[in-house]
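I have placed the structure first, in the form of structure tokens, so that the comments after it can refer back to it.
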Amino acid sequence: MASQRRMRLYSLLLLIAIVTILYMTRSSSQTRTSPFYVKTQEALQAKEYVEASRQRDADGVGSRVKAANDDARKAAEKKGSTYVDAVTGSEDKTPRGRYNKEGKQQPLEGVAAVGGSREGKTPAKENETEEYHEAEVELNSILRKSPIIIFSKTYCPHSRLAKHILLSKYDIQPTPYVVELDEHPLGAKLQEVLADTTGRRTVPNVMVIGKSIGGGDQMEELDRTGGMEAAIRELADTRVTRVVRREV
């Protein structure tokens, strides 16, 4: 008797479960096909499509602005002028190092940027002082003054020879900038930094776009062989607008 009751109870429970499943399935199907459900799904999909379109447009505009800024920056660097960001309106204060023929900046290895730290692969000296770092910053400031820098000493005959050749025998624009290390307050440290970064410890030290091309003997040799113009133009490219040997 007890067994028959259990069988009837199990049958009843099974029937209830089947009816519940059928009801839930039918209800779910009706919900997915109801006008409200369909309209809600269409609205959500339309919103997602609009957001995706806006994001694609924003990405496209951002890419175009970035590309335009990159082109403007390269052109400004090649000309040696100040670059102004098209979005922020801020000026690019990057120190001007030397440039390759593609107009890309190549900072002088081991020389600190203004207000910054040592750049490049040259390791810092173990006994580097605050005065040494100050001389690095000053060197970067000097390199901005002209594509050609002549580091000299007033009493040095080789320096006088280099200055005579570059300033008197040639018409160079912009005019080479002369730094008399014996009169400069950081002259000794500047000469130390130059020795570390260019490998030349003596004066004169003639630099074109941050690269040392030699001293008095080298300037005399370039002048004698007629290679001065080609040497300067190869390194300076468009940053030197004129280099012509004056008629004697």
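With contacts defined as side-chain heavy-atom distances shorter than 4.5 Å, the pair M207/I150 does not qualify. Residues E234 and V208 are not in side-chain contact: their nearest non-hydrogen atoms beyond the backbone lie 4.5 Å or more apart. Within the 4.5 Å cutoff, the side chain of R242 has no heavy atoms near those of the I172 side chain. You'll find the side chain of F151 reaches within 4.5 Å of the side chain of I142, heavy atoms only. V240 is listed as a side-chain neighbour of V243, based on a closest heavy-atom distance under 4.5 Å. A 4.5 Å side-chain heavy-atom check between E220 and I165 finds at least one atom pair inside the cut-off. Side-chain contact check for E192 versus R201: every heavy-atom pair is 4.5 Å or farther apart. Within the 4.5 Å cutoff, side-chain heavy atoms of L194 are placed close to those of L139.
Checking side-chain atoms of S146 against main-chain N and O of T175 turns up a donor-acceptor pair under 3.5 Å. Although no hydrogens or angles enter the test, the distance criterion places no donor-acceptor pair under 3.5 Å between the side chain of R200 and the main chain of S212. Using a distance-only test at 3.5 Å, with no hydrogens or angles considered, a donor-acceptor pair links the side chain of D182 to the main chain of T154.
Residue I149 holds its CD1 atom at 12.0 Å from CZ of R144, rounded to the nearest 0.5 Å. For the atom pair L167 CG and I148 CD1, the distance stands at 9.5 Å (nearest 0.5 Å).
Under the 4.5 Å side-chain heavy-atom criterion for Ile, Leu, Val, Met, Phe, Trp and Tyr, M228 and V244 are members of distinct hydrophobic clusters.
Not counting sequence neighbours, E138 has no partner by the salt bridge (Lys or Arg N to Asp or Glu O under 4.0 Å) test. Shown here are the salt bridge (Lys or Arg N to Asp or Glu O under 4.0 Å) partners of K163, two or more places apart in sequence or in another chain: E180. Contacts of E221 classified as salt bridge (Lys or Arg N to Asp or Glu O under 4.0 Å), with partners at least two apart in sequence or in another chain: R224.
Among T198, L190, I213, the one residue that satisfies the side-chain contact (heavy atoms from CB on, under 4.5 Å) test with N205 is T198.
Heavy atoms only, all atoms of each residue included: A162 and M219 are closest at CB-CG, 4.1 Å. Of all heavy-atom pairs between G210 and L143, the closest is CA-CD2, 4.3 Å. Across P204 and G216, no two heavy atoms sit closer than the pair CG-N, 3.2 Å. Smallest separation of non-hydrogen atoms from Y170 and E229: CE2-CG, 4.3 Å.
Around the CZ atom of R233, the shell of radius 6.0 Å holds more than 12 heavy atoms that belong to other residues, nucleotides or ligands. For H158, the NE2 atom counts as loosely surrounded, since its 6.0 Å shell holds 12 or fewer non-hydrogen atoms of other residues, nucleotides or ligands.
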For this session: In sequence, state the C-alpha distance, the side-chain angles, and the governing distance for E183 and K153, and then conclude on side chain to side chain contact (heavy atoms under 4.5 Å, CB included).
Result: CA-CA 8 Å; E183 295 181 343; K153 289 185 179 179; over 6 Å; no
Exercise. How far apart are the C-alpha atoms of T129 and H133, what are their side-chain angles, what is the distance that settles it, and do they pass the side chain to side chain contact (heavy atoms under 4.5 Å, CB included) test?
Worked result: CA-CA 6 Å; T129 62; H133 175 70; over 6 Å; no
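Salt-bridge formation is detected for the pair R245/D223: a Lys NZ or Arg NE/NH1/NH2 atom is positioned less than 4.0 Å from an Asp or Glu carboxylate oxygen.
Geometric assessment of K189 against the ring of Y132 yields a negative cation-pi assignment under the 6.0 Å and 45° thresholds.
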